[in-house]
J.: 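Sharing a structure with you now.
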Amino acid sequence: MLADIILYIIIFIFGTVIGSFLNVCIYRIPEHEDIVKTRSHCMSCGGQLRWYDMFPLFSYLFLRGRCRLCKAKLSVQYPLIEAVNGILYVVIVLIHGVNTDSLLCCLLASALLVLSVIDFRTYEIPFGINLFILALGLIRAAMDYHNILAYLIGFLAVSAVLAVLYYATGGRAIGGGDVKLMAACGLFLGWKLVIMAFLLGCILGAVIHLIRMRVSGEDHVLAMGPYLSAGVLIAALWGNQLLTWYLGQF
């Protein structure tokens with residue numbers, strides 16, 4: 001039991017470290033800044049951050065949510081993304097165990113987290129993130145090559161329909177990034193789970209969008225990326241159990 005607790009603490013810490021990098025991606029990718037070579041800096045004053053300014057979670061608490069250099073207030077997004085990513089890693093390992101599949105799912109969860117925040121803010125899904133998810137899908141399909149046909153069908157099962165809708169409406173009904181996202185995730189999940197993921201994403205999007213409209217009293221442009229990402233993550237973690245339960249009702 002103690003060994004398990006230590007393991008999950010290590011996994012959480014590792015997740016928060018990756019989460020710190022995800023914050024870099026979230027801020028820099030929309031601005032077309034380099035996410036590797038450019039040194040970390042304050043978004044307000046541009047001052048370069050020291051290594052002790054970048055401890056996940058702890059630096060934000062120690063600095064009381066303010067930049068050490070200019071004292072500008074830091075976004076709560078920093079510790080939130082770090083904590084969420086750490087929790088996601090722990091949940092994934094709890095469900096799938098310590099194996100290669102968990103590693104791929106952790107990387108998928110991180111990519112979906114970055115994608116969701118960027119799409120929510122800009123209504124655009126970066127092509128590079130979809131390409132990264134596609135690479136994960138290729139690796140997962142290769143590892144389960146006996147069922148390769150299910151993954152290949154998954155690549156087209158939802159995305160082909162969305163592509164027709166995209167071109168038929170001139171991009172007004174669905175975004176091109178959403179089409180690519182469902183293609184990449186379909187290769188990762190296979191056709192059964194990607195259909196489930198899409199349905200779950202649509203349900204979540206419709207419900208939450210209506211709630212937002214009711215609460216704010218304003219119309220909102222719907223960014224589907226976050227909701228599709230939530231559907232994909234649910235399908236990746238609990239999809240097979242949900243399918244078994246659903247089919248057992250008949």
Side-chain angles (χ1 to χ4, degrees), residues 15-33 35 43 56-57 75-92 95 104-137 158-159 162 166 171 173-189 193-194 196-213 215-216 220-239:
T16 61
V17 172
I18 299 299
S20 181
F21 175 69
L22 300 186
N23 275 315
V24 173
C25 295
I26 288 170
Y27 279 113
R28 293 189 185 180
I29 289 177
E31 300 298 327
H32 304 289
E33 291 186 30
I35 63 174
M43 300 300 293
L57 299 179
S75 171
V76 72
Q77 173 192 299
Y78 290 108
L80 185 60
I81 293 296
E82 292 165 354
V84 168
N85 199 64
I87 292 170
L88 284 175
Y89 280 21
V90 171
V91 171
I92 289 169
I95 293 173
L104 292 176
C105 284
C106 285
L107 294 174
L108 173 68
S110 293
L112 293 174
L113 188 56
V114 173
L115 179 152
S116 297
V117 177
I118 292 177
D119 190 35
F120 185 79
R121 289 178 172 175
T122 67
Y123 302 106
E124 292 184 3
I125 297 178
F127 177 71
I129 298 180
N130 278 334
L131 198 61
F132 177 75
I133 296 174
L134 180 66
L136 295 179
V158 173
S159 62
L162 294 183
Y166 172 78
I174 193 77
D178 299 319
V179 178
K180 298 181 183 71
L181 173 63
M182 296 314 295
C185 290
L187 187 61
F188 188 95
L189 296 173
L193 294 186
V194 77
M196 173 188 288
F198 178 67
L199 293 175
L200 288 171
C202 289
I203 293 170
L204 289 171
V207 172
I208 297 175
H209 187 62
L210 287 174
I211 292 174
R212 289 180 62 210
M213 291 175 64
V215 171
S216 67
H220 293 277
V221 177
L222 177 61
M224 278 298 294
Y227 308 113
L228 293 176
S229 296
V232 168
L233 193 56
I234 292 171
L237 296 181
W238 298 286

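For the single chain, residues carry numbers from 1 onward in sequence order.
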J.: For residues 174-189, which side-chain N or O atoms pair as donor and acceptor with protein atoms under 3.5 Å away, sequence neighbours left out?
T.:
{"from": "D178", "atom 1": "OD2", "to": "G175", "atom 2": "N", "distance (Å)": "3.4"}

J.: Would you give me the side-chain donor-acceptor pairs under 3.5 Å for residues 224-238, sequence neighbours excluded?
T.:
{"from": "S229", "atom 1": "OG", "to": "S116", "atom 2": "OG", "distance (Å)": "3.3"}
{"from": "S229", "atom 1": "OG", "to": "G225", "atom 2": "O", "distance (Å)": "2.8"}

J.: Using the side-chain hydrogen bond (donor to acceptor under 3.5 Å, both in side chains) criterion, which residues pair with E33? Sequence neighbours excluded.
T.: none
J.: Check ring pair (Phe, Tyr, Trp, His ring centres under 6.0 Å) between Y78 and all other residues, then give those that pass, not counting sequence neighbours.
T.: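 Residues passing ring pair (Phe, Tyr, Trp, His ring centres under 6.0 Å) with Y78: Y27.
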J.: Using side-chain heavy atoms (C-beta onward) and a distance below 4.5 Å, is I18 in contact with L107?
T.: no
J.: Supply the atom-to-atom distance L222 CG to L210 CG, rounded to the nearest 0.5 angstrom.
T.: 9.5 Å
J.: For V84, check side chain to side chain contact (heavy atoms under 4.5 Å, CB included) against everything at least two apart and list the hits.
T.: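 Residues passing side chain to side chain contact (heavy atoms under 4.5 Å, CB included) with V84: L80, L88, L113.
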J.: Hey, is the main chain of C106 close enough, under 3.5 Å, to the side chain of S110 for a donor-acceptor pair?
T.: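 At least one qualifying donor-acceptor pair exists.
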J.: Are any of the side-chain heavy atoms of N130 and L134 separated by less than 4.5 Å?
T.: no
J.: Looking only at heavy atoms, what is the nearest atom pair of I81 and G19, with distance?
T.: CG2-O, 3.7 Å
J.: Taking all atoms of both residues into account, what is the closest heavy-atom pair of I118 and C25, and its distance?
T.: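 Shortest heavy-atom contact: CD1-O, 4.1 Å.
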J.: Can you give me the closest heavy-atom contact between A111 and I133, atom names plus distance?
T.: CB-CG1, 3.9 Å
J.: Which atom names give the shortest non-hydrogen contact between Y89 and G15, and what distance separates them?
T.: CD2-CA, 3.5 Å
J.: Who pairs with R121 by side-chain hydrogen bond (donor to acceptor under 3.5 Å, both in side chains), at least two apart in sequence or on another chain?
T.: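 For R121 the side-chain hydrogen bond (donor to acceptor under 3.5 Å, both in side chains) partners, ignoring immediate neighbours, are Q77.
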